[in-house]
Amino acid sequence: MKRVAIIAALTIMSAAASAQQQDAQRYGVVKNMPAFFEQMKAQLTWPMAWGNAPQTDFDEWRTAAREVLMESMQNIQPAAESYDMEIVAREHRDGYEALKIEFNISAWCRIPAYLLVPDGEGPFPAIVMLHDHGAHFSIGKEKMVRPFGVSQQIMEDAEKWAEGCYDNQFAGDYFAAAGYVVLSADALFWGERGRMEGIDYDGQQALASNFLQMGGSWGAFINMDDVYSADFLASLPFVDGEKIGCLGFSMGAYRSWMMSAITDRVKASASICWMNTTDRLMSLDNNQNKGGSAYSMLTPNLRRYMDYAHTASIACPKPTLFYNGTRDKLFPVEGVEQAYSTMREVWESQGAGDRLETRIWDEKHFFSKQMQQKTLEFFDKWLK
């Protein structure tokens, strides 16, 4: 009798699943995903991935893959003719000086930023600190560097964010105290580069749409600002232009590996909690399919040629670090492992396996003090 009941239950479940599938086909859209998303993913064959592309020489492939990446990023902002840096305020801290500066990050934008400079004689290695998204727009650079000369509201906001995402430690200050020049700036739509009318979560989708209407992309704009930040650092007399790295958490991690793929000004990169595959992220139960926030990390048409790990592999053979967490609900572990495996094959194919550090921590979507310490050790090994 029990067996009959089990069979009946399975039959009901199968019928329910079939009905749900039929409903999806009838309506065409499920959880904001096209009902045919699996068919769309099946058409992605990654023709420009290393090993799939027509180039068999790695340097030739790197050049061609980067050209595809840059073409996908058009229409981008031109570089600044002059940085014209101005120091607005300064504060001495334990072992380094914190500067609030303004400079021309591109020909279109003059922005505020924090610049941390170690005590002593340079030139020093440097890190571009790339802040996260977090659907939290009131602060940007203040997520990475302890602010000063700000309102009590901004200070409390920054401290709360550092506690919740960075284990109660400002990563920028941690690295500056260890002997690195640190630059942290707001990405467009965050902090002092935010929306004139005030914070609006849905405004990011409208902003992204307006970029696309003009043949550009919000995500690519952010990426190029990051690249220009590294160029700016290299222009400073107290920075060793051959020892510039980049580091980010969450969206900042995406920005970090993209930055290393785009420019060889970056000599080493670390990306915490952002790497996966399109197959695993484009599902009915992943946060990525909600849109909105994802626009800041999209490059139009790039998925026709390369997946995330393939694009990140343009940075090979540079020293590159990726950390993810087993309990990170945003990035399924199976996808992390697949992406790590893809990149491992690339770095090892070029005799650079020792330059790729990947690790899956027993952690949530979080950049703990222990992870920060190991990341510092990585940069000390390759930039000092």
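No hydrogens, no waters, no symmetry mates; every other heavy atom, side chains included, goes into these values.
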Can [X] and [Y] be counted as having a side-chain donor-acceptor contact under 3.5 angstrom?
X      : Y      : value
Asn301 : Ser72  : no
Ser217 : Tyr295 : no
Asp362 : Thr326 : yes
Asp119 : His92  : yes
Asp307 : Thr278 : yes
Asp285 : Ser283 : yes
Asp173 : Tyr96  : yes

Practice task
Check the pair Asp264 / Lys318 against salt bridge (Lys or Arg N to Asp or Glu O under 4.0 Å), numbers first and verdict last.
Solution key: CA-CA 9 Å; Asp264 287 332; Lys318 291 187 283 187; 3.3 Å; yes
Handout entry: Candidate pair Trp257 and Tyr254, rule ring-ring contact (aromatic ring centres under 6.0 Å, His included), full reasoning
Key = CA-CA 6 Å; Trp257 60 255; Tyr254 170 88; 5.0 Å; yes
Any chance the rings of [X] and [Y] have centres within less than 6.0 Å?
X      : Y      : answer
Phe367 : Tyr323 : no
Phe221 : Trp218 : no
Phe124 : Tyr180 : no
His310 : Trp50  : no

What about [X] and [Y], same hydrophobic cluster or not, with Ile/Leu/Val/Met/Phe/Trp/Tyr joined at side-chain heavy-atom distances under 4.5 Å?
X      : Y      : result
Tyr228 : Met129 : no
Ile222 : Ile199 : yes
Leu383 : Leu115 : no
Leu298 : Leu44  : no
Leu321 : Ile127 : yes

Exercise for the section: Would you check, one step at a time, whether the test salt bridge (Lys or Arg N to Asp or Glu O under 4.0 Å) holds for Glu159 with Arg146? Expected result: CA-CA 8 Å; Glu159 290 176 342; Arg146 179 180 290 278; 3.1 Å; yes
To check you understand the geometry: which heavy-atom pair defines the closest contact between [X] and [Y], and what is its length?
X      : Y      : answer
Phe378 : Ser269 : CE2-O, 3.6 Å
Met33  : Met282 : CE-C, 3.7 Å
Thr320 : Ala315 : OG1-CB, 4.4 Å
Met297 : Trp274 : SD-NE1, 3.2 Å

For [X] and [Y], indicate whether the former's side chain and the latter's backbone hold a donor-acceptor pair under 3.5 Å.
X      : Y      : answer
Asp167 : Lys369 : yes
His131 : Ala187 : yes
Asp157 : Gln153 : no
Lys100 : Tyr114 : no
Asn286 : Leu330 : yes
Gln372 : Tyr166 : yes
Glu337 : Gly335 : no
Arg255 : Leu130 : no
Ser256 : Cys246 : yes
Arg66  : Ile262 : yes

Below 4.5 Å, heavy atoms only, C-beta onward: do [X] and [Y] meet side chain to side chain?
X      : Y      : result
Thr375 : Phe175 : yes
Pro34  : Val29  : no
His136 : Trp161 : yes
Leu183 : Leu116 : no
Ser271 : Phe249 : no
Ile87  : Met85  : yes
Val333 : Asn324 : no
Leu284 : Phe37  : yes

At what distance, to the nearest 0.5 angstrom, does [atom1] of [X] lie from [atom2] of [Y]?
X      : Y      : atom1 : atom2 : value
Met48  : Arg304 : CE    : CZ    : 12.5 Å
Ser106 : Asp225 : OG    : CG    : 5.5 Å
Tyr174 : Leu247 : OH    : CG    : 11.0 Å
Arg265 : Asp226 : CZ    : CG    : 15.0 Å
Ser313 : Arg344 : OG    : CZ    : 11.0 Å
Ile76  : Glu71  : CD1   : CD    : 10.0 Å

Handout entry: Trace of the salt bridge (Lys or Arg N to Asp or Glu O under 4.0 Å) decision for Lys374 with Glu377
Key = CA-CA 5 Å; Lys374 290 299 182 182; Glu377 291 173 4; 3.6 Å; yes
Check for me whether [X] meets the cation-pi criterion with [Y], that is, NZ or CZ under 6.0 Å from the six-membered ring centre and within 45 degrees of the ring axis.
X      : Y      : value
Arg303 : Tyr308 : yes
Arg359 : Trp361 : yes
Lys364 : Phe366 : yes

Handout entry: Aromatic ring pairing Phe322/Tyr340, orientation class (parallel under 30°, perpendicular over 60°, tilted between)
Key = tilted
Handout entry: Intermediate values then yes/no, salt bridge (Lys or Arg N to Asp or Glu O under 4.0 Å), Arg93 and Glu91
Key = CA-CA 6 Å; Arg93 299 178 179 176; Glu91 176 181 272; 2.9 Å; yes
Handout entry: From CA spacing to verdict: side chain to side chain donor-acceptor pair (under 3.5 Å), Gln39, Gln43
Key = CA-CA 7 Å; Gln39 293 95 315; Gln43 291 191 155; over 6 Å; no
Handout entry: Check against ring-ring contact (aromatic ring centres under 6.0 Å, His included), Tyr305 and Trp46
Key = CA-CA 5 Å; Tyr305 304 100; Trp46 321 121; over 10 Å; no
Handout entry: Name of the residue among His133, Lys143, His365 meeting side chain to side chain donor-acceptor pair (under 3.5 Å) with Ser250
Key =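 Single pass found, and it is His365.
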